[in-house]
**Student:** 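A single structure is presented below for examination.
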Amino acid sequence: MGTGLSHFRGFVAESFRDEGRVESRGEDILRILSVRDVAVPDAARQRITTCTDLAVLDVWFERAITAPTADAVFDES
C-alpha cells in the first residue's frame with residue numbers, strides 16, 4: 001500500500017529543479033557580462049543573484065548578450 005507521498009516528492013523535486021534553474025540563470029548572466037568585460041557593480045551582482053523570477057532572469061539573460069553596461073541589463077525601456 002502506498003503512502004501517497006509521490007505528489008509531495010514530485011512537488012519538492014520540481015521546486016529544487018526550479019531553484020537550480022534560477023541559480024544557474026543568474027550565474028549565466030554574470031558570466032556573459034564577465035566574458036564581454038562589462039563591469040558589474042556589487043549592487044547589480046546582488047540584484048541578479050537574489051532574483052528568484054526565472055522569467056525576469058531570462059529577459060536579463062537576453063539583454064546581457066548586448067548590454068553595454070550592467071545597468072542596461074535592467075533597463076525597462
**Student:** To the nearest 0.5 Å, tell me how far F61 CZ sits from L33 CG.
**Tutor:**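 Going from CZ on F61 over to CG on L33, the span is 10.5 Å.
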
**Student:** Would you say the side-chain atoms of R36 pair up with the backbone N or O of A67, donor to acceptor, closer than 3.5 Å?
**Tutor:**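 Checking the backbone N and O of A67 against the side chain of R36, a donor-acceptor pair under 3.5 Å is found.
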
**Student:** In terms of heavy-atom contacts, does CZ of R31 have more than 12 from other residues, nucleotides or ligands at under 6.0 Å?
**Tutor:** no

**Student:** Does NZ or CZ of R47 come closer than 6.0 Å to the centre of the six-membered ring of F74, within 45° of the ring's axis?
**Tutor:** yes

**Student:** Any ion pair linking D58 and R25 (charged N to carboxylate O, less than 4.0 Å)?
**Tutor:**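 Answer for the salt bridge query: yes.
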
**Student:** Would a distance-only check, ignoring hydrogens and angles, find a side-chain to backbone donor-acceptor pair under 3.5 Å from S34 to L30?
**Tutor:**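 Side chain of S34 to backbone of L30: no pair is present.
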
**Student:** Mind listing the closest non-hydrogen atom pair of I48 and W60 along with its distance?
**Tutor:** CA-CZ3, 4.0 Å

**Student:** Which value, rounded to the nearest 0.5 Å, describes the distance between E62 atom CD and I32 atom CD1?
**Tutor:** 9.5 Å

**Student:** Contact between V59 and V73 at the side-chain level, heavy atoms closer than 4.5 Å - yes or no?
**Tutor:**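 They are not in contact (no side-chain heavy atoms under 4.5 Å apart), so the answer is no.
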
**Student:** For the atom pair CD1 (I29) and SG (C51), what is the distance rounded to the nearest 0.5 Å?
**Tutor:** 7.5 Å

